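Reading through the structure tokens given below for one structure.
Note that the coordinates shown come from a computational prediction; the quantities given were computed from them, not determined experimentally. Every chain is numbered from 1, with letters handed out A, B, ... down the list of sequences.
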Amino acid sequence: MAQKPSIPRGTRDFSPEEVVKRNYIMDTIKRCFTTYGFQPIETPSFENSETLMGKYGEEGDRLIFKILNSGDYLNKVSADVYSEKDSLKMTSSISEKALRYDLTVPFARYVVQHQNEITFPFKRYQMQPVWRADRPQKGRFREFYQCDADVVGSDSLWQEVELVQLYDAVFSALQLKGTTIKMNNRKVLSGIAEVIGEADKLIDFTVALDKLDKIGEEGVKKEMREKGISETAIDKVQPLFTASGNATDKLNLLSNLLSTSQVGMKGVEELTFIVNSVETLGLQSASLEIDVTLARGLNYYTGAIFEVSAPEGVAMGSIGGGGRYDDLTGIFGLKNMSGVGISFGLDRIYLVLEELGLFPDTASANTKVLFINFGEAEALYAMKAITKLRQQGISAELYPDAAKMGKQMSYADKRNIPFTVLAGASEMDASQYTLKNMKSGEQISLDYEGLVRKLQ
RNA sequence: GUGGUUGUAGCUCAGUUGGUUAGAGCGCUUGAUUGUGGUUCAAGAGGUCGCCGGUUCGAACCCGGUCUUCCACCCCA
């Protein structure tokens with residue numbers, strides 16, 4: 001046997017069953033997006049490097065897949081850069097294109113490029129694969145799908161309210177009960193950093209705070225000390241470590257803590273509006289929670305931050321995330337264009353639904369009836385019926401070869417085809433079909449009309 | 001990118017201190033059954049032990065490298 005072929009690490013093949021299940025999730029999400037008034041766009045799988053580089057931080061740049069230039073790319077590298085052996089410098093001269101890292105930055109590029117054709121506020125959704133040169137783990141791949149819904153051109157907090165509802169609508173439609181939509185606000189985080197006198201260490205502070213549920217209170221404090229955050233500052237944020245109670249309690253706590261910070265109070269105000277609105281309108285199956293430690297997300301979030309976690313008991317990272325970015329298109333030259341959006345992690349949602357056994361049976365569409373092949377004349381007789389059945393929208397197929405019957409039956413069995421039709425010389429003489437129910441083993445003789453009635 | 005882990009038949013896995021011809025279960029093929037699948041019984045096919053190199057009289061087993069799997073960190077969906 002020759003060397004077995006393989007696929008790159010972090011990528012996957014999908015079997016028919018898996019594709020059907022993935023389509024079920026995507027169709028559900030798409031239907032919800034449409035209901036909420038979002039319109040689909042698509043962008044290329046690769047962009048010019050300068051569109052992507054520098055938008056996700058230093059870490060992000062490292063994780064972007066670069067595409068090697070075509071042709072004699074080394075020839076175009078200057079002798080200096082070549083002899084320096086500096087990979088970073090070299091990259092820019094041998095690679096001008098890169099695979100899409102997420103859907104948000106390409107969307108920002110799209111908005112700027114097509115600003116004159118777009119009617120604002122623009123609500124778009126996009127479901128396409130993205131690529132990251134990450135090291136794979138469970139639920140982490142190097143090629144995976146994101147399903148994004150974003151609104152640009154509106155500052156209204158009603159968008160945030162609707163996006164929370166949209167999360168709830170999708171997870172409810174998928175029968176995935178008990179998801180938690182965690183919400184925070186970048187302004188609140190800025191406010192905290194401000195009142196504790198560490199405004200310049202905002203990023204270090206938030207990254208450390210974000211790890212609370214993972215490394216615990218002491219771990220967070222340790223990391224904050226290592227990053228040079230003062231002991232008095234850490235004392236001041238102490239209430240956050242033990243924040244509990246419902247949204248109102250947490251908002252009160254934040255109000256007290258942030259009373260001297262203008263930006264902080266603005267964040268609290270925003271959170272309050274969203275929480276109150278959602279509470280009044282109601283959610284079907286998800287719950288909305290304020291999580292002051294939620295800090296993840298890209299550097300460009302400026303207002304609300306969202307993250308969705310799977311129901312309790314399912315070991316999986318976040319299955320969705322999003323937030324408000326006041327000036328995303330600014331980096332491409334279009335100022336004052338606020339956007340807010342959410343993302344669904346298709347691959348992780350798949351793993352969660354699989355673990356909880358939540359895929360419906362209908363998510364495994366299949367051939368309904370297999371006609372057994374007894375030979376030339378019999379096959380033609382079968383094909384006449386098959387042709388008509390297909391026109392009625394009934395999926396039917398003929399076993400292509402006049403193989404032994406046992407083999408044909410076992411083919412139907414393995415493919416879980418619920419019915420077979422046996423039509424040989426005696427059936428042809430009588431213009432009949434013998435329909436066999438593969439589950440019960442029951443067989444009945446029918447004319448074509450009877451066959452259609454049974455299979456519909 | 002850092003540290004660890006995994007790889008043996010199509011699949012799930014055994015394989016003794018390094019020692020003749022590398023095993024099991026499931027699956028597959030054929031037959032018992034020439035118009036009947038699932039159950040049963042019998043026989044059979046299928047492996048460069050991830051790949052490359054090293055140590056050794058001798059390597060699935062020891063060592064190095066590499067690829068892959070999973071995990072932790074980093075970061076993230």
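Using a 4.0 Å heavy-atom cutoff across all strands shown, A/Thr420 reaches no nucleic acid atom at all. Residue A/Gln146 is in sugar-phosphate contact alone, with no base atom involved, counting any heavy-atom pair closer than 4.0 Å across all strands shown. Base engagement by A/Glu427 is indicated by at least one non-hydrogen atom pair under 4.0 Å involving a base atom. Using a 4.0 Å heavy-atom cutoff across all strands shown, A/Leu422 reaches at least one base atom of the nucleic acid. Nucleic acid contact class of A/Tyr411 (heavy atoms, under 4.0 Å, all strands): none. Contacts of A/Gly375 with the nucleic acid, taken as non-hydrogen atoms under 4.0 Å apart, are absent. Residue contacts for A/Val130: at a heavy-atom cut-off of 4.0 Å it reaches no nucleic acid atom on any strand shown. Within 4.0 Å of A/Lys211, counting heavy atoms only, lie sugar-phosphate atoms of the nucleic acid but no base atom.
Ring pair A/Phe359/A/Tyr350 is tilted by interplanar angle, where 30° to 60° counts as tilted.
With sequence neighbours excluded, no residue satisfies ring pair (Phe, Tyr, Trp, His ring centres under 6.0 Å) with A/Phe306. For the ring pair (Phe, Tyr, Trp, His ring centres under 6.0 Å) test, residues two or more places apart in sequence or in another chain that qualify with A/Phe171 are A/Phe344. A/Ala412 meets the side chain to side chain contact (heavy atoms under 4.5 Å, CB included) test with A/Leu370, A/Ile417, A/Thr420, A/Met438; sequence neighbours excluded. For A/Asp347, the salt bridge (charged side-chain N to carboxylate O under 4.0 Å, His left out) partners at least two apart in sequence or on another chain are A/Arg12, A/Arg22. Every residue was checked against the ring pair (Phe, Tyr, Trp, His ring centres under 6.0 Å) condition with A/Tyr36, not counting sequence neighbours, and none meets it.
Applying the salt bridge (charged side-chain N to carboxylate O under 4.0 Å, His left out) definition to pairs two or more places apart or across chains, those involving residues 415-426 of chain A are A/Glu397-A/Arg415. Counting only residues at least two apart or in different chains, ring pair (Phe, Tyr, Trp, His ring centres under 6.0 Å) contacts with residues 422-456 of chain A comprise A/Tyr381-A/Tyr433. For the side chain to side chain donor-acceptor pair (under 3.5 Å) condition, the pairs that include at least one residue of residues 57-67 of chain A, sequence neighbours left out, are A/Glu59-A/Arg62.
Both A/Thr11 and A/Gly139 lie near RNA chain B, and the one whose nearest nucleotide falls closer to the 5' end is A/Thr11.
Around atom CD of A/Glu226, more than 12 heavy atoms belonging to other residues, nucleotides or ligands sit under 6.0 Å away. More than 12 heavy atoms of other shown residues, nucleotides or ligands fall within 6.0 angstrom of atom CD in A/Glu354.
Remark: RNA chain B forms stems of 3 or more consecutive Watson-Crick or G-U wobble pairs, all pair distances under 3.5 Å, at B:1-4 with B:70-73, B:10-13 with B:23-26, B:28-32 with B:40-44, B:50-54 with B:62-66.
For the pair A/Glu217 and A/Lys221, the minimum side-chain heavy-atom distance is below 4.5 Å. Residues A/Val130 and A/Leu103 meet the side-chain proximity criterion, which asks for heavy atoms closer than 4.5 Å. At least one side-chain heavy atom of A/Arg100 sits less than 4.5 Å from a side-chain heavy atom of A/Pro129.
Put simply, CD on A/Gln137 is 7 Å from C1' on B/C71, counting in whole angstrom units. Here the P atom of nucleotide B/C75 and the CG atom of A/Asp102 are 18 Å apart, to the nearest Å. Rounded to whole Å, the distance from CE on A/Met409 to C1' on B/U39 is 15 Å. A/Lys214 has its NZ atom 9 Å from the C1' atom of B/A72, to the nearest Å. As a whole-Å value, the separation of A/Leu353 CG from B/A77 C1' is 15 Å. Taking atom CD1 of residue A/Ile25 and atom C1' of nucleotide B/A77, one finds them 13 Å apart after rounding to whole Å. Distance A/Tyr433 OH to B/G35 P: 20 Å, rounded to the nearest Å. Look at CG on A/Asp61: it is 13 Å from C1' on B/C75, rounded to the nearest Å.
Inspection of the A/Tyr325 and A/Asp150 side chains reveals an N or O donor paired with an N or O acceptor under 3.5 Å.
B/C52 sits 13 Å from B/C61 when the P atoms are compared, rounded to a whole Å. Nucleotides B/C67 and B/A22 place their C1' atoms 24 Å apart, quoted to the nearest Å. On the C1' atoms, B/U36 is 29 Å away from B/G46, given to the nearest whole Å. Across B/C75 and B/G38, the matching C1' atoms stand 50 Å from one another, rounded to whole Å. Comparing the C1' positions of B/C13 and B/G27 gives an interatomic distance of 14 Å, to the nearest angstrom. B/U66 and B/U2 have their P atoms separated by 10 Å, with the value rounded to a whole Å. Across B/C26 and B/U68, the matching P atoms stand 34 Å from one another, rounded to whole Å. For the P atom pair drawn from B/G53 and B/A60, the interatomic distance equals 14 Å after rounding to whole Å.
We find that A/Lys21 and A/Glu17 are not joined by a salt bridge, their nearest charged nitrogen and carboxylate oxygen being 4.0 Å or further apart. A/Lys55 has no carboxylate O lying under 4.0 Å from a charged side-chain N of A/Glu47, or vice versa, which leaves the two without a salt bridge.
The side chain of A/Phe144 has B/A77 as its nearest neighbour among B/G37, B/C75, B/A77. When distances are taken from the side chain of A/Met438 to each of B/G35, B/C75, B/G37, the shortest belongs to B/G37. In the set B/C75, B/G35, B/U36, B/C75 carries the atom at the smallest distance from any side-chain atom of A/Val207.
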Restricting to nitrogen or oxygen on both sides, can you table the protein-nucleotides 1-3 of chain B pairs closer than 3.5 Å?
{"residue": "B/G1", "atom": "N7", "partner": "A/Arg62", "partner atom": "NH2", "Å": "3.4"}
{"residue": "B/U2", "atom": "O4", "partner": "A/Arg135", "partner atom": "NE", "Å": "3.2"}
{"residue": "B/U2", "atom": "O4", "partner": "A/Arg135", "partner atom": "NH1", "Å": "3.0"}
{"residue": "B/G3", "atom": "O6", "partner": "A/Arg135", "partner atom": "NH1", "Å": "3.1"}

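Near RNA chain B, meaning a heavy atom under 4.0 Å away, the residues from residues 337-349 of chain A are A/Arg348.
Here A/Gln408 does not reach the OP1 or OP2 of B/G37: none of its side-chain N or O atoms lies under 4.0 Å away.
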Report task. Summarise how protein sits on nucleotides 25-33 of chain B as a single string, 5' to 3': B when a protein heavy atom is under 4.0 Å from the base, S for sugar-phosphate-only contact, - for no contact. Result -> ---S--S--

